[in-house]
Visitor: 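I have a structure here, written as structure tokens, and I will follow up with some questions on it.
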Amino acid sequence: MPPWAWRRAAGTLPEPAGFFADARLPLADHEIRHYGQIVAVVVAETLEQARDAAARVEVACETRPPNADFGRAKRHAVRPPEIPGLPLGRVIAKPEDVDIEAALAASEVRVEATYDVPPRHHMMMEPHAAVAAWDDGKLTIYSGTQGPVAHAMELAAVLGVPPADVHVISPYVGGGFGGKAFTWAPAMLAAAAARALGRPVKIVTSREQLFTVTGHRAASSQTIGLGAYRDGRLHAIKHHTVSESLVEDPGYRAAQKYYATPNAHIELSITPGMNLPPATIMRAPGDEAGSYALESAMDELADRLGMDPIELRVKNHLANTLIGGIPYASKHLEECYRVGAERFGWSRRPARPGSLTDGDDLVGMGMATAVLDAGRAPTTARVTFRPDGTATVACATSDAGTGMATIMAMTAARALGVPADRVVPALGDSRLPVAGADDIYGAIGSAATATVTAAILAAAREAIDALVRHAATAEGSPLRGAGDVRYEEGCLIGAGTCTGAGEARHEKGRLIGAGTSIGFGELLGLTGTAEIGADGTSTAPDDGHAHASYAAHFCEVRVNRWTREPRLSRFTTVVDAGAILNAVTARNQITGGVLFGLAAALCEEGRVEAATGRISNADLAGYLLPVSADAVEIDVHFLDHPDTGLGPAGARGIGELGTVGAAAAFANAVFNATGVRVRTLPITVDKLLG
Ligand code: MOS
């Protein structure tokens, strides 16, 4: 089986990962395609020895001038090959044969501009790292991954062993952001080296190597054309992108799900064969860059029309998907605008750019919309009662720092009617339940909560049924033959033998006050049963509706009038993401996402040396990330309207939502402060001078 033969990473992700799996295989041939590519692996007793030995490796190679300059390459971009089953890269038009230039020309008011986004790297705290050990031809690998089962399948394919012979253990993941969605060289090489040596091998990438031996968000250049009537209604949307890679498709990800228009034209061209490390998905792939461009262009249009940016957006509300006309379920975006404007104080926004000052600061306010498709993938979870009075809830997904373990325990606890501290979550292990050979669900596509909770709720129902049957029939059960046994809050109650049940109460699975109620732990102890459990599954929703999460971001910036340094001063976001299951973990996701997006706006940029393809700022001194001093408290408000069409918990995805639109809100605020429209990220001082 080739490495790309496994199918889908998540219900919401159109990429099957296959079309760039080749690029992730290390040491596959003798071609050096990019600076920093792995050409050898050195294994030693200590890290210091290995590093020293690696530094002594001499590589003899012929050199050619690299194709590493995206700014040059994009002038020769080509239409990507069609990939069966993949909408990426296709021309998406409505109607099919729309003449978008004519539609724009016929519009009363037009804006058209190009927005450039540089390459960006997943700088999660924990680098890619793996410890691999073989035993009797079977691999056990401790490796940070967002999808343990997918990781096992990819490793099996690369190593030429059956997937069942690879056991991936990944209980804690120190951040992924898409960088750990797929399998990269460090884990593959740890496994290969351990097999060759017959000893365990540990590989940890250095911070510098993270820029070159694992993927990144591809650079993109987006041309947006908007045509409108004078009253603000859109007549045409053109969203044409050139990207380094098919993975990053901002037009497809953004333009078709924001605004209603009779004419839309979305197109992607790519610059194949660049001598750069391979691109991959990164938090809100396409959506983040796409929303920056589209929501900046909407701000430019509002300015051109002399219209409030919120009014322009409300006027172009999208009730059904632009392509296909499928109605959106549970869309409360207008409420986000209204509540957000109120909380933020949008009415105080100066209408004229550059007109509000505070001491040496030019103050500006901007807003942007965030839309992120919401999905639910197939997977299985298992809920199990144990004799010690605890229950386990297990699923082969992973917790990449999002709080999934908490959500799993909470969801099972609620379904079982017991306190969360009596539920033990198990995840991050490829041997845990998963739906089937082709369903390899991981923490991807902001779909984990909707997916996993649906499976857990179904499993809990089945497990309770199995427990009740067990209580009524098992040898040793005090409720055996007791008639209608029912389950309540961790206890089993036999109606038929009920005497004085009014006084009986149960706490923490123990019966207090005697009677006919028995805690499940005690029951399993009496029947000598190690566990009673059941599986539950989640499937993709089929309620005939489209589902998406929304947010309205409001940003205030201060730009020093002398140094032109832009600083974030306030940020409010109002989020419509269905039911919020845990306010703490949800708020953390949105806050982290917003800061992720502001990082794109303010500082993050992989700089490629055109002459060599070297990433010249490949460390945390040169690659700027925002720090606490750059942040302010993000005001996050959830509307909390359950979307039960997507799943029984009513929750939609939030992991990637915060970053969508955040850079546009910042850029629009910078325009409002200064009158300068920055169309190339990041928005650095030099771009605000002059
Ligand atoms: Mo996220 S880029 O789907 O891991």
Side-chain angles (χ1 to χ4, degrees), residues 7-20 24 86 88 117 119-126 128 143-151 154 170 173-184 210 214-218 220 243 245-250 252-254 278-292 370-377 379 396-404 427-428 440-452 547-549 577 589-590 592-593 596-597 599-600 604 652-663:
R7 292 218 317 227
R8 289 167 66 93
T12 52
L13 273 184
E15 304 92 325
F19 59 87
F20 61 102
R24 291 185 277 118
L86 271 189
L88 291 184
V117 175
R120 200 172 166 207
H121 299 266
H122 320 75
M123 284 297 121
M124 67 295 269
M125 292 290 281
E126 174 202 63
H128 286 248
S143 179
T145 176
Q146 291 169 238
V149 177
H151 202 44
E154 284 208 301
S170 189
V173 181
F177 309 126
K180 291 174 187 158
F182 306 115
T183 303
W184 292 90
L210 281 182
T214 61
H216 64 280
R217 189 197 297 293
S220 62
S243 175
S245 161
L246 201 51
V247 181
E248 186 72 6
D249 193 348
Y252 170 70
R253 293 290 197 143
T280 190
I281 59 171
M282 179 166 167
R283 199 175 198 170
D287 289 288
E288 184 193 79
S291 62
Y292 159 63
V371 185
L372 185 77
D373 283 345
R376 176 152 70 87
T379 200
T397 186
S398 109
D399 188 336
T402 58
M404 181 44 57
L427 74 174
I440 49 171
Y441 186 70
I444 297 170
S446 296
T449 294
T451 298
V452 176
H547 301 271
S549 289
Q589 283 299 293
I590 295 296
F596 204 87
E604 282 193 52
R652 288 194 301 253
I654 50 172
E656 297 167 286
L657 181 68
T659 191
V660 180

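Order of listing sets the numbers, starting from 1, for every ligand and every atom in it.
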Visitor: Drop me the distance from Leu427's CG to Ser398's OG, to the nearest 0.5 angstrom.
Guide: 6.5 Å
Visitor: Would you mind running through ligand 1 and noting each atom that sits below 4.0 Å from a heavy atom of Arg283?
Guide: 2 (S)
Visitor: Any idea which atoms of ligand 1 are less than 4.0 Å away from a heavy-atom of Ile444?
Guide: 3 (O)
Visitor: Can you confirm whether the side chains of His151 and Ser143 place a donor and an acceptor under 3.5 Å from each other?
Guide: yes
Visitor: Within a distance under 4.0 Å of any heavy atom of Gly445, pick out the atoms of ligand 1 and give their elements.
Guide: 1 (Mo), 3 (O)
Visitor: Using heavy atoms and a 4.0 Å limit, tell me yes or no: is Glu656 in contact with ligand 1?
Guide: yes
Visitor: Using a 4.0 Å cut-off to any heavy atom of Pro285, which atoms of ligand 1 qualify?
Guide: 2 (S)
Visitor: Does a side chain donor of either Thr183 or Glu154 reach within less than 3.5 Å of an acceptor in the other side chain?
Guide: yes
Visitor: Give yes if a backbone or side-chain nitrogen or oxygen of Ala284 is under 3.5 Å from a nitrogen or oxygen of ligand 1, and no if not.
Guide: no
Visitor: Could you walk me through whether Met282 and Phe596 pass the side-chain contact (heavy atoms from CB on, under 4.5 Å) check?
Guide: CA-CA 11 Å; Met282 179 166 167; Phe596 204 87; 3.6 Å; yes
Visitor: May I ask you to list the atoms of ligand 1 that are less than 4.0 angstrom from any heavy atom of Met282?
Guide: 2 (S)
Visitor: Is there a donor-acceptor pair under 3.5 Å between the side chain of Arg253 and the backbone N or O of Ser291?
Guide: no
Visitor: What's the spacing between Ser170 OG and Gln146 CD if we round to 0.5 Å?
Guide: 9.5 Å
